[in-house]
Asker: 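Pasting a structure below so you can have a look.
Note that this is a predicted model, so its numbers are computed, not measured.
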Number of protein chains: 2
Amino acid sequence: MKHTVTAKDVAKLAGVSQSSVSRVFFEGAKVSEKTRTKIIAAAEELGYRPNEFARSLITNRTKIIGIVMKGVHNPFYPQVLKQFAAAFKKKGYSILFVHTNNDEIEAEDVETLLNYNVAGVIITDAVMALTVGEEFKKNKIPVVFFNRKLNSDEFYSVSCNNLDAGRKVAEYFFDKGVSEMAYIAGDADTSTSRDRQKGFQEVLKQKKARYRHYSSDYTYNGGFKTAMHMVAEGDLPSAIFVANDIMALGVLDALKANSIGVPGQTKVIGFDNIEMAAWPAYQLTTWEQPIDKMVHATVAYLLEEIAEYTGAAETLEVDGRLIERATT
Amino acid sequence: MKHTVTAKDVAKLAGVSQSSVSRVFFEGAKVSEKTRTKIIAAAEELGYRPNEFARSLITNRTKIIGIVMKGVHNPFYPQVLKQFAAAFKKKGYSILFVHTNNDEIEAEDVETLLNYNVAGVIITDAVMALTVGEEFKKNKIPVVFFNRKLNSDEFYSVSCNNLDAGRKVAEYFFDKGVSEMAYIAGDADTSTSRDRQKGFQEVLKQKKARYRHYSSDYTYNGGFKTAMHMVAEGDLPSAIFVANDIMALGVLDALKANSIGVPGQTKVIGFDNIEMAAWPAYQLTTWEQPIDKMVHATVAYLLEEIAEYTGAAETLEVDGRLIERATT
DNA sequence: AGCGTTTTTGCATACGTATTCAATAAAAGA
DNA sequence: TCTTTTATTGAATACGTATGCAAAAACGCT
């Protein structure tokens, strides 16, 4: 028979009141050292664990962080998920994982997050309708957009400084003596792809170089197909900036399939620095996203807002750096 | 100011009792159609959402499934996570994601799962101490080991029929006219690696062929290093069965680095059929794990046990199949 | 219409904890 | 030692929901 041991049981065994037991397990409350040890002993003996639900019911707060994620196929995101899980575990928070299929987070997903009254929300690789955002604001739940920059200043967002990265990549190509270059975009409606493009394009324009644009979708197959198409077109640019690594790998494979030498005939730079970029088969030069810093900033912001909600928003952009390998 | 709208509020607006509101939102309870529509309208107007915590407090049940996962670096697992999230979302369950660093799930992780009184637990790419298992049993929480076979019949486990797969791979190699073959193991203490080895070795023994064993760790780098080592040794086997795909990719890259032709000089078969196995750069022949079936079985079992706990355990092994590509 | 039967509803209570307030114990000061 | 102040404790209550029980309403039948 299942007998959940409650604070009352512990109280009885320790010969104190339930309130005292509560005070021992609720940090910030004061109990004398004597009764504390008594209670801890009793709790230990019975295997007491405070009921998280009763707790949340009365405090109207939880120790749950909701993480909404779409791109589980891009190894960048599982990596991010892992880091968040580790960081929040340290702080005593648990992760409610919500997978969304859509670019825009679905109403159902928001429902879930609100139902569980999460302490904070991280949305990664997806965006959110404004009306939905209001819902979170109304409930004073802090939200962070991870790896997505927002137009509005309504929400905190943290991403890599994509604009700057785009510029630096272009300059790097010029330094290498290349002037014929192209950009392969990811999903067109993502800030990440747009900003990378913008910075890249800006420098090309300034140097009066021709800008060539290709659209793809942030997947390996997308990158592969786009590159195949480019090759078929003829007139291959001598350098290609690809909006993320997983696409860049597809590009490399397509080039290889066409026996096009890299970096000899054309150079390739990706974005993210996922583990696979370092594999011998690819040795992809790429722009590293400083995941650690980005995660750290996100966690710090959320914890602050959880401690005292201000609703203050900011668009944080962290500097990344170029990792030079064999494709340039 | 934050005003959470409660069932009482809805009741007042609809001119009924709180109980009736509860009955509308608790499936399985009966209310007349008339009051139901009245209540739904009122709830709609106020934006009422049942408080999941109050609910769980009284029913002593939750709609949360805990998923414990270690191997986030192996793309197989994010894929699995996604499928579980999708399957359980359909059934109205949410996912509590627990990342563990250890092969053996940590006490802290179990605490979390128990604190949230999860309805069921899925442990993937990790095992659990028996004492810990008791804790779940005591609380009548069903547990499934995913992709791990247990010695004991205390818990439900679902995995691919690794033994059979190992045999079939060996037979396949023989059919191809190969008789000199090796196995590269993953983590030695995982059932998956052991069973694959066992089946493989069994056929070799039966055909009186020499069995060669190499130990690795289920990572790309592990596979790479092991293959480098094998090449350095000289006397390369003419076929290699690698315990999972991500290692196999490392093996292929190592062979390529040594200009060893595949499948000419040696053949390679992996395990899992992760997306990358199909990439042009690899075209890895591999044994497909039927994720869909495995997930389906897991979900079905958990839902049954949640509906009515029996504690019945079973060791389910689903048949996979060989996906033939360019490395054999 | 009148009676028995079934369905629907409201009242009251319980779930396990945090927290206010008053009471008690301990400490400090004189 | 007695009084005043401070620290600790216990009793009572609230959080928002589900549910057993009894009352009320609706229904079916003659």
Asker: Which nucleotide of DNA chain C is the first, and which the last, in the 5' to 3' direction, to come under 4.0 Å of a heavy atom belonging to chain B?
Answerer: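 Contact boundaries, 5' end first: C/dT8 to C/dG16.
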
Asker: Less than 4.5 Å apart, any side-chain heavy atom of A/Phe25 and any of A/Arg55?
Answerer: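 Touching, per the 4.5 Å side-chain cut-off.
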
Asker: Hey, does the Lys NZ or Arg CZ of A/Lys137 hover above the aromatic six-ring of A/Phe155, less than 6.0 Å from the centre and inside 45° of the axis?
Answerer: yes

Asker: Restricting to pairs with a member in residues 65-93 of chain B, which pass ring pair (Phe, Tyr, Trp, His ring centres under 6.0 Å), not counting sequence neighbours?
Answerer: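 Listed by first then second residue: B/Phe84-B/Phe146.
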
Asker: Can you pull out every ring pair (Phe, Tyr, Trp, His ring centres under 6.0 Å) where at least one residue sits in residues 119-143 of chain B? Sequence neighbours excluded, please.
Answerer: none

Asker: For B/Lys89 and A/Asp109: C-alpha separation, side-chain torsions, deciding distance, then whether salt bridge (charged side-chain N to carboxylate O under 4.0 Å, His left out) applies.
Answerer: CA-CA 9 Å; B/Lys89 188 197 273 190; A/Asp109 303 326; 2.7 Å; yes

Asker: Mind calculating the distance between CD1 (B/Ile58) and C1' (D/dA18) to the nearest angstrom?
Answerer: 4 Å

Asker: For B/Arg148, which residues count as a salt bridge (Lys or Arg N to Asp or Glu O under 4.0 Å) partner, sequence neighbours excluded?
Answerer: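 By the salt bridge (Lys or Arg N to Asp or Glu O under 4.0 Å) rule, B/Arg148 matches B/Asp125.
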
Asker: A/Phe53 CZ to D/dT17 C1': how many Å, rounded?
Answerer: 13 Å

Asker: Tell me: CG of B/Leu57 to P of D/dA18, nearest whole Å?
Answerer: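 Distance, rounded to whole Å: 11 Å.
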
Asker: Base, sugar-phosphate, or nothing for B/Thr59, non-hydrogen atoms under 4.0 angstrom?
Answerer: sugar-phosphate

Asker: Determine which pairs satisfy side-chain hydrogen bond (donor to acceptor under 3.5 Å, both in side chains) with at least one residue from residues 44-54 of chain B, sequence neighbours left out, and list them in order.
Answerer: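 For residues 44-54 of chain B, and leaving out neighbouring residues, there are no side-chain hydrogen bond (donor to acceptor under 3.5 Å, both in side chains) pairs at all.
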
Asker: Which letters describe nucleotides 4-13 of chain D, given B = protein heavy atom under 4.0 Å from base, S = only from sugar-phosphate, - = neither?
Answerer: ----SBBBB-

Asker: Taking C-beta and beyond as the side chain, do A/Thr190 and A/Tyr218 meet within less than 4.5 Å on heavy atoms?
Answerer: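 SC-SC contact between A/Thr190 and A/Tyr218 confirmed.
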
